[in-house]
Amino acid sequence: MVYDNNYNIVVLHRALLGDKMRESKLRFWGVYITGIVTLILLSIHFFMLFANNLNFDNRISTPVVDEYLSNSAYYSLLGLLLVVAFIHGLLGVRRSLYDFGIKKGVKDVKIGGIIILLVLLFFYFTT
């Protein structure tokens with residue numbers, strides 16, 4: 001098969017600079033990878049919670065919770081879990097809006113509004 005020079009330039013350009021983010025790449029790197037990372041971090045979280053034989057009332061008591069949160073590695077994993085789950089959820093909302101056929105500009109405004117609302121709710125409930 002013989003290709004002209006323009007084809008080789010396009011292939012070289014794509015190899016060196018990469019294509020724009022396509023929906024399939026975003027779905028893979030965004031939704032699938034964040035979903036797997038969320039599952040792994042959630043498994044670690046549940047293991048830490050249920051590794052001992054405490055009942056629910058003792059597990060949520062202040063000294064036990066303070067002991068868990070004094071572990072900086074576990075505390076960092078909880079923060080990472082929240083961030084990754086948030087990204088995974090927003091990409092799911094984005095995909096749902098895309099499936100309903102909403103125009104790109106309207107979809108971006110709605111996603112931006114949802115992000116701002118969630119950030120404001122986070123600050124409201126944590127202060």
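In this text, all values refer to a predicted model and were calculated from it rather than measured experimentally. We count residues from 1, following the sequence as given.
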Query - Residue Phe50 excluded, over 12 heavy atoms near CZ under 6.0 Å - result: yes
Query - Spacing of CG belonging to Leu69 relative to OH belonging to Tyr74, to within rounding of 0.5 Å - result: 7.5 Å
Query raised in the report: Mind checking whether Leu90 and Phe86 have side chains closer than 4.5 Å, heavy atoms only?
Result: yes
**Report entry** Atom pair OG (Ser43) and CE (Met48), whose distance is rounded to the nearest 0.5 Å
**Finding:** 13.5 Å
Requested in this report: Applying side-chain contact (heavy atoms from CB on, under 4.5 Å), run through Leu41 and Leu78 and close with a yes or a no.
Outcome: CA-CA 8 Å; Leu41 292 174; Leu78 282 180; over 6 Å; no
Report task. Would you confirm whether His88, through its side chain, and Val31, through its main-chain N or O, come within 3.5 Å as a donor-acceptor pair? Result -> yes
Query raised in the report: Given the rule in the side-chain contact (heavy atoms from CB on, under 4.5 Å) test, do Phe123 and Val119 qualify, once you have shown the distances and angles that lead to the verdict?
Result: CA-CA 6 Å; Phe123 285 118; Val119 168; 3.5 Å; yes
Query raised in the report: So how far is it from Leu39 CG to Thr34 OG1, rounded to the nearest 0.5 Å?
Result: 11.5 Å
Query raised in the report: In terms of hydrophobic clustering (I, L, V, M, F, W, Y; side-chain heavy atoms under 4.5 Å; direct or indirect links), are Ile36 and Phe47 co-clustered?
Result: no
Query - Approximate separation, where rounding is to 0.5 Å, of Ile116 CD1 and Leu121 CG - result: 12.0 Å
Query raised in the report: side-chain contact (heavy atoms from CB on, under 4.5 Å) between Leu77 and Leu81: does it pass, once the steps are laid out?
Result: CA-CA 6 Å; Leu77 284 176; Leu81 172 64; over 6 Å; no
**Report entry** Gap separating the CD1 atom of Ile40 from the CG atom of Leu80, nearest 0.5 angstrom
**Finding:** 11.0 Å
Query raised in the report: Any chain of hydrophobic side-chain contacts (each under 4.5 Å) joining Leu82 to Val37?
Result: no
